[in-house]
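Treat the numbers as computed from the prediction; the structure is a model and nothing was measured. Quick note: numbers below take in every heavy atom, side chains included, and nothing from hydrogens, waters or symmetry partners.
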Amino acid sequence: MSEKFDAIVVGAGPAGTSAAYTMAKAGLNVLLIERGEYPGAKNVMGGVLYRHQMEEMIPGFYKEAPVERPVVEQRFWMLGEESVFTSGYKGLEWAKEPYNNFTVLRAKFDQWYANKAVEQGALLINETVVTECLVEDGRVVGVRTDRPDGDVYADVVVLADGVNSLLAKSLGFHKEFKPEEVALAVMEVINLPAEKIEDRFNLEPNQGTTIEIFGDATKGILGTGFIYTNKESINIGVGATLSGMIKHKLRPYDLLDYLKSHPIVRPLIRGGESMEYAAHLIPEGGFHSMPKIVGNGVVVVGDAGQMVNSIHREGSNMAMTSGRLAAETIILAKEANDFSENMLDTYRKRLLDSFVGQDLKKYKDATHTFESYPQYFKEYIPMINQAASKFFTVDGVPKREKQKHIFKSLTEGKSKLAMVQDIYRAWKVMK
């Protein structure tokens, strides 16, 4: 640990491991520090892994990585109290190589991925907490760990220590994030036999489904629920902005229990065995909440830089891309022997030019808008369900008459102008 490294990476999640893998593959001497017992130990939950960004790192990775199921269907539910309005897409082309995305269990996948970085030459140190960055003459020169004689030095430090990064905060890169800038998500792994999963979700073996749930899953506050199918388990969870939970005095585990007991959801998980719970914060502030991500001798990647597209529930792909771009910049800095903020700023520029920056810019006002105007979740989703119920109920009323009644009920208590303004406002932040 007394050796000086070319780079130290703090955090062995998707962002940190992508950075370590890329630099080690290029021949740099890299130390990857993980506070858990092993990479992924703090992530019992499952999630979605997007193939394209991972394949940029390791071509054909899915042939050996511990992925669960290739996702062939993505559903979107507008959930009412006793109903659901559904949309989505199922494509059997996604059931064939090279696939589109996969469900994964992070405890398995993160460990496998970090070991690939080790195979490239990175040194992985687990069960080690980085307590602060070492700064000399305004430049980060290493980190201090909780180990005896735990000061470690490097030309560059990569901060991949997750949402509300304490290390980035200590450098003055950001202040304490506000409750509306983070979401609190709670999830559960429920074991079910593979054949039951395939029967209940209309799947063939080695096919998976993701369901994103809006509306009643969070009792009308800004947030989403989700259901993902693994090989022999289901991940079910719900997340909402911390500000919404505080305002409505909701506890995350109560929301999860509410979702699990919902009459639309309950049959999908019936008979399953609960295995694990987890809760964690997710960055929701987007582009406006991004902290400073480059300094002298230091860069910030992944969740630590608020790099999550909350509208499309994308995070791991952005994390991997940010880690790779940071690593490629550090490789150039090593060749030039220049680790100044000006040199490392190449990473920031490339990140903002990539799909990460472009998507964060595109949806930069979405979270704030939907938080400020709760009618989108609290009023319009129940309206959609009620309208669908009326229209599809066969009761002898002519369809034209039904349409008139539906439109009247949609505008009841709200002017047409207000509805047009709501529609325009939503279109504007999503376009």
Side-chain angles (χ1 to χ4, degrees), residues 1-24 27-44 106-107 110-174 176 280-281 291-305 319 322-323 326-327 329-330 333-334 339 341 344 347:
M1 292 285 283
S2 61
E3 177 184 1
K4 181 183 177 183
F5 294 84
D6 293 322
I8 296 171
V9 181
V10 183
T17 296
S18 294
Y21 179 93
T22 303
M23 289 187 289
L28 272 63
N29 189 15
V30 180
L31 173 63
L32 178 59
I33 302 177
E34 167 59 36
R35 66 188 177 93
E37 183 182 352
Y38 54 84
K42 303 293 184 180
N43 292 304
V44 300
R106 288 282 302 278
D110 286 12
Q111 190 171 12
W112 172 85
Y113 191 24
N115 285 334
K116 301 304 286 187
V118 171
E119 289 176 10
Q120 294 297 326
L123 174 62
L124 171 64
I125 303 294
N126 295 312
E127 298 182 279
T128 302
V129 176
V130 174
T131 58
E132 63 180 296
C133 291
L134 300 175
V135 181
E136 294 180 3
D137 299 324
R139 175 172 171 259
V140 174
V141 296
V143 298
R144 176 159 293 158
T145 73
D146 61 352
R147 290 177 172 243
D149 301 319
D151 290 0
V152 196
Y153 293 87
D155 293 322
V156 182
V157 173
V158 179
L159 300 183
D161 51 332
V163 61
N164 202 24
S165 167
L166 296 179
L167 296 175
K169 182 181 176 184
S170 70
L171 294 173
F173 283 16
H174 70 83
E176 191 75 36
H280 71 272
L281 292 175
K292 181 178 178 180
I293 60 172
V294 176
N296 289 311
V298 62
V299 297
V300 180
V301 298
D303 281 7
S322 69
T329 299
I330 293 169
K334 178 67 175 177
F339 306 100
E341 180 175 343
L344 296 177
Y347 156 60

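Taking CZ of Arg35 as the reference point, atom CG of Asp146 lies at 11.5 Å (rounded to 0.5 Å). Summarising the geometry, atom CG belonging to Asp151 is positioned 7.0 Å from atom OG1 belonging to Thr145; distances are rounded to the nearest 0.5 Å. In this structure, CG in Leu166 is found 8.0 Å from CD in Glu176, a value given to the nearest 0.5 Å. Rounding to the nearest 0.5 Å gives a distance of 13.5 Å between CH2 of Trp112 and CZ of Arg106. Considering CG of Asp155 and NZ of Lys4, their distance stands at 4.0 Å, rounded to 0.5 Å. A distance of 11.5 Å separates CD of Glu34 from CD1 of Ile125, quoted to the nearest 0.5 Å.
Residues Val140 and Cys133 come closest through the heavy atom pair CG1-CB, 4.2 Å. Contact detail for Val301 and Ala160: the closest heavy-atom pair is CG2-CB, 3.5 Å. Shown here for His174 and Ala168, the closest heavy-atom pair between the two residues is CD2-CB, 3.8 Å. For Ala154 against Ile8, the heavy-atom pair with the smallest separation is CB-CG1, 3.5 Å. The two atoms that bring Ser165 and Ala304 nearest to each other are CB-CB, 3.8 Å, heavy atoms only. Closest heavy-atom contact between Val300 and Tyr347: O-OH, 2.7 Å.
In this structure, Thr329 contributes its side chain and Leu344 its backbone to no donor-acceptor pair below 3.5 Å.
When each of Thr17, Val158, Val299 is tested with Val9 by the rule side chain to side chain contact (heavy atoms under 4.5 Å, CB included), just one qualifies, namely Val158.
Side-chain contact annotation: Glu37 with Asn126, donor-acceptor N/O pair under 3.5 Å absent.
The side-chain heavy atoms of Met23 and Phe5, taken from C-beta on, include no pair separated by under 4.5 Å. Side-chain atoms of Ile330 and Asp6, non-hydrogen and from C-beta on, never get closer than 4.5 Å to each other. Side-chain contact between Lys334 and Phe339: present, with at least one pair of heavy atoms (C-beta onward) separated by less than 4.5 Å.
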Practice prompt. Applying side-chain contact (heavy atoms from CB on, under 4.5 Å), run through Asp137 and Asn296 and close with a yes or a no.
Written response: CA-CA 10 Å; Asp137 299 324; Asn296 289 311; over 6 Å; no
